[in-house]
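Following: one structure in structure tokens, then a few remarks.
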Protein chains: 2
Amino acid sequence: MTCVLVVDDEPQMLRALHLNLTARGYDVVTAEDGTAALNQLALREPDVIVLDLGLPDIDGLDVIRAVRTGSQVPIVVLSARVGSSDKVSALDLGADDFVTKPFDMNELLARLRAATRRAAPEPVRRGRVEFGGAEVDLEAKTATREGAPVHLTPTEWHLLELLLRNPGKLITQRHLLTALRGQPDHTDPSYLRIYMAQLRKKLEQEPGRPRHLLTEPGMGYRFNP
Amino acid sequence: MTCVLVVDDEPQMLRALHLNLTARGYDVVTAEDGTAALNQLALREPDVIVLDLGLPDIDGLDVIRAVRTGSQVPIVVLSARVGSSDKVSALDLGADDFVTKPFDMNELLARLRAATRRAAPEPVRRGRVEFGGAEVDLEAKTATREGAPVHLTPTEWHLLELLLRNPGKLITQRHLLTALRGQPDHTDPSYLRIYMAQLRKKLEQEPGRPRHLLTEPGMGYRFNP
DNA sequence: CGCACCCATCAAGAGTTCGTCAAGACACCG
DNA sequence: CGGTGTCTTGACGAACTCTTGATGGGTGCG
């Protein structure tokens with residue numbers, strides 16, 4: 001099911017969009033400000049974002065910038081600002097479309113379809129990954145090392161999945177933390193270290209010298225296939 | 001150079017678009033009806049199409065259908081029809097965007113940039129940059145020189161990103177310092193030199209004679225692609 | 001030629017982050 | 001109620017990064 005993240009500070013608008021999108025078969029996630037939007041982005045990885053530019057905490061353009069630094073998810077901007085300069089800025093910052101309020105719901109839905117259709121060739125997300133002497137099946141939730149079955153806890157699975165689904169890509173510790181817990185508990189990288197250590201102990205051949213679950217000091221972690 | 005095919009039956013509109021697009025560095029091809037458009041499409045393989053729906057010979061929607069049977073080239077529809085049903089039809093038939101006349105030229109240009117950007121090859125869209133013998137992926141935070149992986153520290157990444165995201169543009173020392181640290185407390189350029197030296201040592205072929213990470217004495221630094 | 005200026009490079013201490021061990025808190029289940 | 005497994009927090013040595021100072025090379029100017 002297509003997941004759409006709707007960001008708008010007006011509860012009324014949020015409700016209307018939620019209603020229409022849900023009726024159309026979308027899986028809808030909402031956020032009322034930029035901070036919540038970025039958190040939801042890390043938590044749910046939506047397939048498309050509907051973004052109002054007038055947010056209470058962060059400027060909409062900065063939200064676009066922030067999203068684009070870590071994701072290529074399509075963004076459809078929804079705004080009451082009619083000036084062309086806002087449109088140009090938003091589109092040049094990486095937004096995919098711009099709809100001015102008031103808008104026709106059918107048009108918005110069509111634009112959403114166009115945006116998701118373009119992004120359709122998603123990065124192939126295989127469920128099976130093999131590295132070192134370990135074999136992981138993300139869908140069956142099974143893992144083995146040297147043929148022997150390995151048991152992983154829910155949190156370990158969550159963390160492992162985030163890394164394995166983005167092979168070679170660095171994942172920020174902030175990103176990992178917001179995904180594991182609901183909020184980035186400002187100072188808790190030690191939390192991640194524990195689970196990375198667990199994963200390495202269970203999956204790496206030399207947990208002391210990891211070859212696939214790598215640390216990028218000061219930034220985050222990376223899965224090296 | 002980006003090639004854009006403009007399809008419109010009004011000579012005046014064609015001229016206006018031709019003028020503006022050429023001035024923006026586009027390679028412009030024009031067609032006054034659907035038949036000519038499809039011919040041009042086969043001949044030139046444009047990078048993006050600007051299509052008016054009101055054509056004398058073929059209905060605009062049919063043109064979209066025809067284009068989409070053989071090509072994925074982005075289509076930006078330009079139309080005087082304001083009804084939402086036309087927009088929905090056009091978008092669902094495979095158009096990428098819909099602009100109603102009268103339109104703002106800057107907005108159209110921004111939408112064209114957005115359309116071409118999406119269709120750009122994956123590496124470019126993903127923030128991959130290549131220069132000298134080095135290859136940098138700003139999103140995955142990976143870098144290689146002569147194929148060998150290179151490790152960069154957070155500050156090095158930050159500095160490199162500032163330079164690479166503004167190719168050819170000079171970046172002031174002050175600007176770099178305020179970005180790296182919170183404040184230009186001590187406008188000490190020696191701080192920058194250390195990190196520029198690091199980047200050059202890691203990425204340039206001849207760190208002593210940088211060809212891409214250049215110094216502008218007394219001003220700042222510049223990335224030369 | 002000496003001087004001032006800016007830049008590049010080397011070296012070393014300070015500061016931060018990482019990996020590991022250990023122990024308490026919590027929920028689930030027999 | 002006790003046992004098991006999981007989550008969460010704190011502490012400490014080790015590794016890494018940041019930051020500063022000092023030295024040397026090049027250029028323009030009096």
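Chain A is the first sequence line, chain B the second, and so forth, proteins listed ahead of strands; every chain is numbered from 1. Note that the coordinates shown come from a computational prediction; the quantities given were computed from them, not determined experimentally.
For the pair B/Y191 OH and C/dG15 P, the computed distance is 15 Å after rounding to whole Å. What separates CG of B/L152 from C1' of D/dC16 is a distance of 15 Å, to the nearest Å. Between A/I194 atom CD1 and C/dA23 atom C1' the separation is 12 Å, expressed in whole Å. A/L199 has its CG atom 16 Å from the C1' atom of C/dC18, to the nearest Å. For the pair B/E156 CD and D/dC18 P, the computed distance is 7 Å after rounding to whole Å. Protein atom CD of A/E206 is 16 Å distant from nucleotide atom P of C/dG19, rounded to whole Å. A straight line from CE of B/M219 to C1' of C/dC5 spans 16 Å, rounded to a whole angstrom. When the P atom of C/dA8 is taken as reference, atom CD of B/E204 falls 12 Å away, rounded to whole Å.
Ring orientation note: the planes of B/F223 and B/H212 are tilted relative to one another, at an angle of 30° to 60°.
Counting non-hydrogen atoms under 4.0 angstrom, B/Q198 reaches nothing in the nucleic acid. As judged by a 4.0 angstrom heavy-atom cut-off over every strand, A/Y221 is placed among residues touching the sugar-phosphate backbone only. At a threshold of 4.0 angstrom between heavy atoms, the contacts of A/T155 are confined to the sugar-phosphate backbone, with no base atom among them.
More than 12 heavy-atom neighbours from other residues, nucleotides or ligands sit within 6.0 angstrom of CD on B/E146. Heavy atoms of other residues, nucleotides or ligands lying less than 6.0 angstrom from NZ of A/K201 number 12 at most.
Phosphate contact (OP1/OP2 of D/dG26, side-chain N/O of B/R209, threshold under 4.0 Å): absent. One finds a side-chain N or O of B/H151 lying less than 4.0 angstrom from the OP1 or OP2 phosphate oxygen of D/dT17. Taking only side-chain nitrogens and oxygens, B/Y195 never comes nearer than 4.0 Å to OP1 or OP2 of D/dT17. For D/dG10, neither phosphate oxygen OP1 nor OP2 lies less than 4.0 angstrom from any side-chain nitrogen or oxygen of A/S190. Between B/T215 and C/dA8 there is a side-chain N or O to OP1 or OP2 distance below 4.0 Å. For B/R181, a side-chain nitrogen or oxygen approaches OP1 or OP2 of D/dT20 to under 4.0 Å.
A donor-acceptor contact closer than 3.5 angstrom links the side chains of B/R200 and B/T215. Residues B/T142 and B/D137 bring no donor and acceptor atom of their side chains to less than 3.5 Å of each other.
Ranking D/dT20, D/dG10, C/dC10 by closeness to the B/K201 side chain, first place goes to C/dC10. Among C/dC18, D/dT20, C/dC7, the nucleotide with an atom closest to any side-chain atom of B/Q173 is C/dC7. Listed candidates were D/dC18, C/dT17, C/dC7. Nearest to the side chain of B/R193 is C/dC7.
Mapping A/R200 and B/P207 onto DNA chain C by nearest heavy atom places B/P207 closer to the 5' end of the strand.
One finds the CZ atom of B/R15 at 11.5 Å from the OG1 atom of B/T30 (value rounded to the nearest 0.5 Å).
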